[in-house]
Amino acid sequence: MSASSPSQPRKLFIKTYGCQMNVYDSERMAEALGSEGYVTTDRPDDADMILLNTCHIREKAAEKVYSELGRLRVLKDANPDLKIGIAGCVAQAEGEEIMRRAPVVDLVVGPQSYHRLPAMDRAVRGGAKALDTDFPADDKFDTLKARPKARRAPAAFLTVQEGCDKFCAFCVVPYTRGAEVSRPAAKVLTEARDLVAAGVAELTLLGQNVNAYHGHPGGLAGLVRDLAAIDGLQRIRYTTSHPNDMDAALISAHGDCDKLMPYLHLPVQSGSDRILKAMNRKHTADHYLRLVERIKASRPDLMLSSDFIVGFPGETEADFEATLDLIREVAFGQAYSFKYSTRPGTPAAEKPQLPEEVMADRLARLQALLTQQQRAVQQSMVGRTVGVLFEKPGRIAGQMIGKSDYLHAVYADAPADVIGQVRPVRITTSGPNSLGGVLAG
Ligand code: SAH
Ligand code: SF4
Ligand code: F3S
């Protein structure tokens with residue numbers, strides 16, 4: 001604890017929105033404020049500091065922040081010493097405006113500046129307001145301390161790359177997260193070893209464009225292979241990858257690196273070449289399909305997942321049908337789909353927008369097809385024996401929950417000491433969002 005810490009620990013409540021990178025960042029922010037004497041709480045009404053770690057990707061995501069701030073005003077009225085901070089991508093995009101419009105906010109910190117939270121905390125405790133949305137020259141990962149040694153859950157995220165240079169026409173990420181930056185492999189490996197020493201068996205490497213990672217001479221594949229050599233680390237995943245950055249080395253790692261799990265989130269967004277071009281995705285539907293063929297040739301049981309946007313400006317019924325065709329051809333095990341949302345400052349925001357009813361109708365049709373595929377893939381798991389990393393007890397006594405190699409949630413009757421272990425499970429049932437099975441060894 002620092003000299004400025006009070007004897008009673010202060011309490012920090014963090015609410016996390018958005019992608020897995022925000023989940024990772026929230027952990028690191030809690031650790032950074034830990035050095036200021038904070039411990040985390042899961043009760044906002046008990047907190048001395050509330051941080052909202054926000055997402056700007058769609059309008060709805062950003063709106064949530066303002067409605068949450070309305071609720072937090074009540075807590076602040078009850079406890080004038082409560083400090084409220086906004087972190088993450090809304091902070092980066094609209095931080096100054098938030099400071100002006102929402103007096104309840106004491107602190108605004110962008111995703112690249114959160115290593116400065118301890119100093120910002122001292123400033124707000126002294127009654128000042130603090131705003132930092134720089135893309136600083138100092139590397140936050142160098143400033144942040146090593147990860148705490150306390151025992152951890154068996155699966156953890158590890159950010160290896162941040163930012164994006166792709167500038168898809170709809171997307172705010174290049175503006176909120178800045179240019180692509182990779183953490184040096186040596187640093188990632190050190191953090192990975194520390195996490196494994198704390199009980200982590202599965203690492204998901206994170207990046208807005210994780211397969212553009214260049215902190216290792218062998219790229220992401222080189223990093224994966226070095227990580228695979230760590231004893232005790234049993235599984236490696238990565239997300240999110242861009243089709244144009246799937247290189248031959250990474251594709252072959254899927255074929256011969258046992259610890260690299262057979263699940264790949266490879267967003268395609270649309271199956272129409274016209275729309276892909278307008279989106280500035282810089283590849284065609286055929287390029288994606290051929291890529292999927294190559295990856296599946298390397299790892300035939302690979303489960304694919306994707307993101308889709310419906311109703312991008314100019315999308316016709318024929319464009320939308322092309323997306324359905326691509327989905328039929330690939331057969332996705334999992335997918336996330338969204339109505340196009342206009343984001344200020346992005347090129348697509350200038351274009352005429354499609355009517356809401358058209359988007360809603362297309363989203364419903366797309367999701368019906370994706371759900372059907374997802375159910376079929378889940379059903380096909382019944383009778384198979386798959387590896388499951390058990391993570392926690394289920395709600396029913398004696399039942400444990402874990403994730404399969406293919407990222408399905410799996411329930412099985414098992415002793416509590418399976419937590420943290422990968423065990424073979426024979427799948428016996430398929431429910432809407434999970435599988436059930438029995439230990440097979
Ligand atoms: N870097 C990743 C995705 C980051 S954002 C990639 O390139 O795939 C996660 C998903 O949100 C995107 O894949 C996209 O499907 C969706 N998304 C991004 N901007 C959006 C917008 N303006 N409207 C609707 N969905 C959007
Ligand atoms: Fe956004 Fe495109 Fe970058 Fe993904 S690749 S973060 S969708 S700009
Ligand atoms: Fe959202 Fe920022 Fe992640 S906009 S999806 S929290 S990178």
Side-chain angles (χ1 to χ4, degrees), residues 15-26 29 52-65 86-95 110-112 114 133 157 159 161-181 206-213 238-246 264-271 275-276 278-283 288 304-313 315 323 332 334-351 353-354 356 359-360 362-363 366-367 370:
K15 184 160 183 177
T16 307
Y17 304 82
C19 62
Q20 293 103 324
M21 292 193 82
N22 268 10
V23 175
Y24 177 85
D25 289 351
S26 290
M29 286 194 273
L52 304 181
N53 194 10
T54 62
C55 173
H56 200 242
I57 201 82
R58 286 168 289 276
E59 195 179 353
K60 272 213 185 102
E63 274 169 1
K64 282 187 192 152
V65 179
I86 306 291
C89 291
V90 176
Q92 189 64 43
E94 298 175 7
Q112 301 310 333
Y114 63 70
T133 51
F157 293 135
T159 293
Q161 181 277 341
E162 284 196 74
C164 181
D165 297 338
K166 295 269 191 290
F167 291 93
C168 299
F170 50 81
C171 183
V172 291
V173 170
Y175 312 98
T176 62
R177 293 276 174 165
E180 268 178 32
V181 181
L206 299 181
Q208 263 90 29
N209 248 325
V210 71
N211 56 345
Y213 177 79
Y238 61 88
T239 198
T240 294
S241 34
H242 191 286
N244 291 354
D245 293 314
M246 278 311 294
L264 178 61
H265 185 59
L266 192 65
V268 64
Q269 315 294 353
S270 167
I275 294 299
L276 286 168
M279 285 177 164
N280 193 31
R281 291 290 291 184
K282 298 200 173 77
H283 65 76
Y288 185 85
L304 270 167
S305 127
S306 176
D307 294 340
F308 295 93
I309 296 179
V310 299
F312 186 78
E315 186 188 73
T323 302
F332 291 95
Q334 173 72 268
Y336 305 86
S337 45
F338 314 98
K339 283 187 246 176
Y340 169 72
S341 170
T342 306
R343 306 312 291 130
T346 59
E350 313 289 314
K351 307 264 178 60
Q353 311 294 304
L354 262 62
E356 170 63 28
M359 292 205 260
R362 288 183 188 164
L363 187 66
L366 184 96
Q367 289 186 337
L370 288 167

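Counting starts at 1 for both ligands and their atoms, in listed order. Source: prediction; values computed, not measured. The chain is numbered in sequence order, starting from 1.
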Validation row: Leu354, Arg362 side chains within 4.5 angstrom (heavy atoms) = yes

Per-atom filter on ligand 1: closer than 4.0 angstrom to a heavy atom of Arg343 are 22 (N)

Side chain to side chain donor-acceptor pair (under 3.5 Å) filter on Lys15, not counting sequence neighbours, yields Glu68

Working to the nearest 0.5 Å, report the span between [atom1] of [X] and [atom2] of [Y].
| X | Y | atom1 | atom2 | result |
| --- | --- | --- | --- | --- |
| Gln92 | Thr54 | CD | OG1 | 9.5 Å |
| Leu264 | Gln334 | CG | CD | 13.0 Å |
| Asp165 | His242 | CG | NE2 | 11.5 Å |
| Met279 | Ile309 | CE | CD1 | 4.5 Å |
| Cys89 | Arg177 | SG | CZ | 4.0 Å |
| Thr239 | His265 | OG1 | NE2 | 5.0 Å |

Which residues satisfy the salt bridge (Lys or Arg N to Asp or Glu O under 4.0 Å) test with Glu356, sequence neighbours excluded?
-> Lys339

Result of checking Ile57, Asn209, Thr346 against Val173 for side chain to side chain contact (heavy atoms under 4.5 Å, CB included) = Ile57

Can you tell which of Leu52, Val23, Asn53 makes a side chain to side chain contact (heavy atoms under 4.5 Å, CB included) with Tyr17?
-> Leu52

Could you identify the single nearest non-hydrogen protein atom to [atom] and state the distance to 0.1 Å?
| atom | result |
| --- | --- |
| atom 17 (N) of ligand 1 | Arg58 NH1, 3.5 Å |
| atom 8 (O) of ligand 1 | Pro267 CG, 3.1 Å |
| atom 24 (C) of ligand 1 | Lys339 O, 3.4 Å |
| atom 7 (O) of ligand 1 | Arg281 NH1, 3.4 Å |
| atom 1 (N) of ligand 1 | Gln208 O, 2.7 Å |
| atom 6 (C) of ligand 1 | Thr240 CG2, 3.8 Å |

Between [X] and ligand 1, is there a nitrogen or oxygen pair with a distance under 3.5 Å?
| X | answer |
| --- | --- |
| Phe170 | yes |
| Ser341 | yes |
| Gln269 | yes |

Would Lys166 count as a contact of ligand 1 if the rule is a heavy atom under 4.0 Å away?
-> no

Looking at ligand 1, does Asn209 have a heavy atom less than 4.0 Å from it?
-> no

Contacts of atom 3 (Fe) of ligand 3 with protein N/O/S atoms, counting only those under 2.8 Å = Cys19 SG

Please check if a non-hydrogen protein atom sits closer than 4.0 Å to atom 4 (C) of ligand 1.
-> no

Sort by chain and number the protein N/O/S atoms that are closer than 2.8 Å to atom 2 (Fe) of ligand 2, and list them.
-> Cys168 SG

Would you mind checking if Arg58 and Asp307 are paired as a salt bridge, meaning a charged N to carboxylate O distance below 4.0 Å?
-> no

Within the 6.0 Å centroid threshold, strictly below: Phe338 and Phe312 = no

Of Ile57, Asp307, Thr342, Val310, the residue with the heavy atom nearest atom 13 (O) of ligand 1 is Asp307

Would you say the side-chain atoms of Glu59 and Ser341 include a donor-acceptor pair closer than 3.5 Å?
-> no

So, Thr342 and Gln353: side-chain donor and acceptor under 3.5 Å apart, yes or no?
-> yes

Considering all heavy atoms of both residues, which atom of Gly163 and which atom of Gln161 are nearest to each other, and what is their separation?
-> O-NE2, 3.0 Å

